[in-house]
Amino acid sequence: MGESYRDLVQRYTAFVENDRFQFGERIRTSASDYDALKRANPAAATGCVRVVFDAVELRSADDTSLWQEFRLDPLRHLRALERACVEAAEKEIPGGLKEEIKVSIKGPVDAAASSPRDLTSSTLRQLVCVEGVATKVSTIKPKVVKSVHYRPDNGSLTSREHVDATDPRLGLRDVDSSGQEIDRIVKITTGIYPTKDKDGNPLETEFGLSQYKDHQTITLQEMPEKAPMGQLPRSVELVMDHDLVDKVKPGDRVMIVGVYRALALGGQGQQSSSGVFRTVVLVNSVQILGRDANQMDIRTEDIRNIRGLAERPDILSVLGRSICPSIHGHAVIKKALALQLLSGVEKNLENGTHLRGDINILMVGDPSTAKSQLLRSAMTIAPLAVSTTGKGSSGVGLTAAITSDPETRERRLEAGAMVLADRGLVCIDEFDKMGESDRVAIHEAMEQQTVTISKAGIHASLNARCSVLAAANPVYGQYDRHRRIQENIGLPDSLLSRFDLLFVVLDQMDPETDRRIASHVIRGHRYRSGRGTSGHDSDYDDDDDEDDFFGRSEERVHSVWQRDRHYVEEQGSSHDEDPHDGDVLQHDFLRKYLYFAKHRIQPKLTEDAREFIAHRYAEMRARQDERTLPITARSLETVIRLATAHAKARLSETVESEPDCSAAMDILSFALYHENVSRKRTRETFSDETRNESSENEHNLRARVSDDENDAQSSDRQDPIHSVKDYIWERIEEQETVSVEDLEENAGVEQEVFQHALAQLIDESRILVSDGMAWRL
């Protein structure tokens with residue numbers, strides 16, 4: 001404070017008049033823009049002209065100490081900079097400016113923006129740059145700056161200025177109209193609103209002559225992905241005045257620059273006596289961060305590797321097996337998760353119709369089938385993910401809520417999980433435990449991708465453009481194979497139709513499957529890295545013993561692959577044709593690949609793809625029965641979204657009938673009919689993809705491809721029940737509906753053996769027998 005106010009103004013005047021930055025032209029442009037706004041919409045005029053300076057410009061000023069002093073004492077320097085802009089405007093604009101000039105500082109103050117958790121006592125009264133998510137937004141209210149009062153008995157007018165704890169002039173020396181500093185400290189206005197003068201004469205407020213400013217408070221919470229694990233996210237209150245109000249809505253990701261300040265008054269407007277003060281940020285500038293706020297550092301080498309990997313014909317299989325490699329099987333579900341992370345293309349038609357591009361997935365099945373682990377794996381891959389559980393969340397907690405501010409008692413709009421996850425992923429575990437009224441609240445958010453609030457006199461619509469990944473248990477604890485799928489799930493069809501894919505995950509009582517799962521889990525526990533630490537495939541390790549696998553350590557440095565120990569040890573196959581057959585992608589590169597493909601590629605449907613989708617949709621409608629989920633027009637959009645996501649995985653600008661639409665139909669057929677179309681194709685052509693398909697469901701019992709399982713296959717073929725099951729299944733696959741009597745006559749076995757084989761197929765939910773006829777499920 002040793003430097004006088006006029007000397008400080010002179011330093012900033014020299015900075016503003018520097019020809020290198022051309023600030024005079026900027027001030028003139030800001031003034032003309034404000035005049036145009038005032039003529040077009042007088043109600044939108046805020047009474048001040050906003051001039052924006054970049055923090056980089058202040059850093060590069062000829063006066064090298066100017067920026068450091070500005071950061072440590074921002075309120076005093078901001079007032080001096082605003083005065084320098086007023087004097088420059090008088091020279092640049094004929095007649096000068098009638099409006100007040102406000103200065104905003106844009107850009108990170110330090111090397112990077114901080115979060116509300118980083119605001120401590122050492123940053124008080126300093127310029128800070130904070131980024132986060134707006135969770136609570138108050139209504140805009142006028143705050144009186146100068147009140148004018150009329151005395152009826154003699155007709156005189158008196159005025160009074162009002163300074164509260166959030167005024168930026170508080171604690172500084174006052175300045176007169178000529179810009180000269182006077183010997184008076186700006187203090188908080190004491191006393192109540194005047195209704196009588198000092199002599200006791202009544203006063204009437206002249207509201208038309210009084211001056212006001214717009215005032216709004218916002219609660220900024222640190223971003224969910226940046227909050228430490230196991231700790232509650234921190235928040236900070238923002239105070240916005242003048243033209244900065246109404247810039248932010250709940251759920252927006254923003255970066256603000258302002259002054260971190262402690263208020264002299266307590267929570268209820270009383271003087272604090274405990275020594276603990278309420279802290280706020282007096283906002284100076286607001287910058288809305290787009291969906292790419294958390295964009296990854298993708299380098300040229302990464303793009304080269306991404307484009308090279310996209311040329312592989314089995315790219316979807318590579319992405320699928322790279323998701324949660326510690327979980328055995330679930331190959332089709334993992335492919336579906338990869339397509340969900342890629343998503344389709346959002347469309348906004350000219351007539352205002354919004355077609356979502358996000359893919360919603362629901363997994364229902366027996367306990368201990370790795371549903372929750374798949375959810376957590378998807379969360380670690382998605383750039384923005386919000387996790388919640390059915391029992392621990394309510395309908396308003398997922399969408400939006402109207403809350404009451406305990407201090408001002410005004411209504412506030414608070415964003416929920418789906419609004420905070422805009423352009424991201426929402427993972428809901430224990431979906432079946434959610435109450436019926438709470439599930440209804442997310443219907444609109446899942447299809448229209450908006451949250452409409454009409455409560456307590458507040459009418460608002462918030463964006464909730466997110467994908468939903470949910471996991472639930474059946475109604476009876478275990479999946480009852482003798483009941484319809486709707487009876488097992490216990491969710492209404494209106495909600496089920498909003499899920500693009502519904503996977504039934506069963507715990508099969510098959511010795512071969514159990515042996516594989518046990519072998520996989522034991523390998524993960526017995527693995528020990530070269531550094532002597534235990535680990536698992538899910539750790540995405542990148543240790544030195546991979547050199548032995550690749551053979552050349554110099555190539556491993558830039559490799560995007562890592563060894564899948566389960567595949568190498570169990571399969572034992574050669575890598576002559578494909579050196580990365582069965583390998584998985586490194587976790588960081590997988591995230592980069594999915595991010596690049598999702599945001600850079602916007603595929604369009606070709607004519608062949610349209611005809612293919614329309615033909616297959618008609619087939620699905622004709623095949624629908626009471627044992628399957630209803631096929632609606634939303635299923636048609638599901639095929640389009642899945643095919644578009646597959647085209648993104650190939651980095652293709654067009655959606656082709658082969659392989660995009662066919663791959664989408666394979667996944668949808670698996671979800672609807674529990675059949676794997678790619679398995680049926682292996683009768684003519686053996687592919688690498690089928691070698692990695694899991695055997696968790698009944699359709700995989702026919703596939704045994706490993707060399708070390710030949711003995712087990714031979715013994716199975718000698719089992720008459722196994723042979724009869726294969727015969728029955730092949731007949732039903734070919735004819736869809738077959739008479740049980742005809743099957744028994746042509747089976748060529750005893751009646752008891754035939755009945756055992758038929759009962760096993762029914763228990764495995766592969767067929768349905770009714771009125772002497774057998775159908776495929």
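Being a predicted model, the structure only gives us computed values, none of them experimental. Residue numbers start at 1 and run along the sequence shown.
A donor-acceptor contact shorter than 3.5 Å is absent between the side chain of Thr389 and the backbone of Asp429. A donor-acceptor contact shorter than 3.5 Å links the side chain of Thr369 to the backbone of Asp366. A donor-acceptor pair is defined here as one N or O able to donate and one able to accept, closer than 3.5 Å; such a pair exists between the side chain of His599 and the backbone of Tyr595. Side-chain N or O atoms of Ser322 include one that pairs as donor or acceptor with a backbone N or O of Val318 at under 3.5 Å. No donor-acceptor pair closer than 3.5 Å links the side chain of Asp214 to the backbone N or O of Val245. Arg304 contributes no side-chain N or O that, together with a main-chain N or O of Thr300, makes up a donor-acceptor pair within less than 3.5 Å. Lys648 contributes a side-chain N or O that, together with a main-chain N or O of Lys598, makes up a donor-acceptor pair within less than 3.5 Å. The closest donor-acceptor contact from the side chain of Gln216 to the backbone of Asp246 lies under 3.5 Å. In this structure, Ser669 contributes its side chain and Met665 its backbone to a donor-acceptor pair below 3.5 Å. Side chain of Arg465 to main chain of Arg423: no donor-acceptor pair is present (N/O by atom type, distance under 3.5 Å, no hydrogens or angles).
Residues Ile323 and Leu590 are in side-chain contact: their nearest non-hydrogen atoms beyond the backbone lie under 4.5 Å apart. Considering only heavy atoms from C-beta on, Val468 stays 4.5 Å or farther from Phe431 through its side chain. Counting only heavy atoms from C-beta outward, the side chains of Val236 and Val280 never approach each other to under 4.5 Å. Using a 4.5 Å heavy-atom cutoff, the side chains of Thr644 and Gln602 are not in contact. Side-chain atoms of Ser467 and Val426, non-hydrogen and from C-beta on, never get closer than 4.5 Å to each other.
Atom CZ of Arg610 has more than 12 heavy atoms from other residues, nucleotides or ligands within 6.0 Å. When the shell of 6.0 Å around CZ of Arg634 is examined, it contains more than 12 heavy atoms from other residues, nucleotides or ligands. Environment of CG in Leu232: sparse, with no more than 12 heavy atoms of neighbouring residues, nucleotides or ligands closer than 6.0 Å.
Interatomic distance, OH of Tyr593 versus CD of Gln586, reported as 15.5 Å (0.5 Å rounding). Note: Ser387 OG to Met379 CE = 4.5 Å, rounded to the nearest 0.5 Å. Of the inter-residue distances, the one linking Asp422 atom CG with Cys466 atom SG reads 7.5 Å to the nearest 0.5 angstrom. Going from atom CD1 of Ile256 over to atom CD1 of Ile288 covers 11.5 Å, rounded to the nearest 0.5 Å. Rounding to the nearest 0.5 Å places OG1 of Thr388 at 10.5 Å from CE of Met418. With rounding to the nearest 0.5 Å, the separation of CD1 in Ile327 from NZ in Lys334 is 7.0 Å.
In this structure, the side chain to side chain contact (heavy atoms under 4.5 Å, CB included) partners of Asp54, at least two apart in sequence or on a different chain, are Val56, Glu57, Lys106. For the side chain to side chain contact (heavy atoms under 4.5 Å, CB included) test, residues two or more places apart in sequence or in another chain that qualify with Ala649 are Leu319, Leu342. Partners of Arg50 by salt bridge (charged side-chain N to carboxylate O under 4.0 Å, His left out), not counting sequence neighbours, listed by chain and number: Asp243. Listed by chain and number, the residues in a side chain to side chain contact (heavy atoms under 4.5 Å, CB included) with Lys433 are Lys391, Glu430, Asn473 (sequence neighbours excluded). In this structure Gln448 satisfies the side chain to side chain contact (heavy atoms under 4.5 Å, CB included) test together with Glu444, Thr450, sequence neighbours excluded.
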Applying salt bridge (Lys or Arg N to Asp or Glu O under 4.0 Å) to Arg307 and Glu311, what does each step give before you reach the verdict?
CA-CA 7 Å; Arg307 297 195 182 278; Glu311 297 177 358; over 6 Å; no
Would Thr654 and Glu656 satisfy side-chain hydrogen bond (donor to acceptor under 3.5 Å, both in side chains), going step by step from the backbone distance to the final call?
CA-CA 6 Å; Thr654 56; Glu656 308 288 345; 2.8 Å; yes
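A donor atom on one side chain and an acceptor atom on the other are not found under 3.5 Å apart for Glu237 and Ser235. For the residue pair Ser138/Thr217, the side-chain donor-acceptor check at 3.5 Å is satisfied. Between Asn351 and Thr353, the side chains place a donor N or O and an acceptor N or O closer than 3.5 Å (distance only, hydrogens not considered).
Between Arg117 and Glu222 there is a salt bridge, with a side-chain nitrogen of the basic residue lying less than 4.0 Å from a carboxylate oxygen of the acidic one. Contact check on Asp252 versus Lys249 returns a salt bridge, with a Lys/Arg side-chain nitrogen under 4.0 Å from an Asp/Glu carboxylate oxygen.
The side-chain contact (heavy atoms from CB on, under 4.5 Å) test with Ile361 singles out one residue from Leu374, Ile333, Leu375, Leu469, and that residue is Leu469.
Under the salt bridge (charged side-chain N to carboxylate O under 4.0 Å, His left out) criterion, the residue pairs touching residues 351-362 are Arg356-Glu447, Arg356-Asp500, with sequence neighbours excluded.
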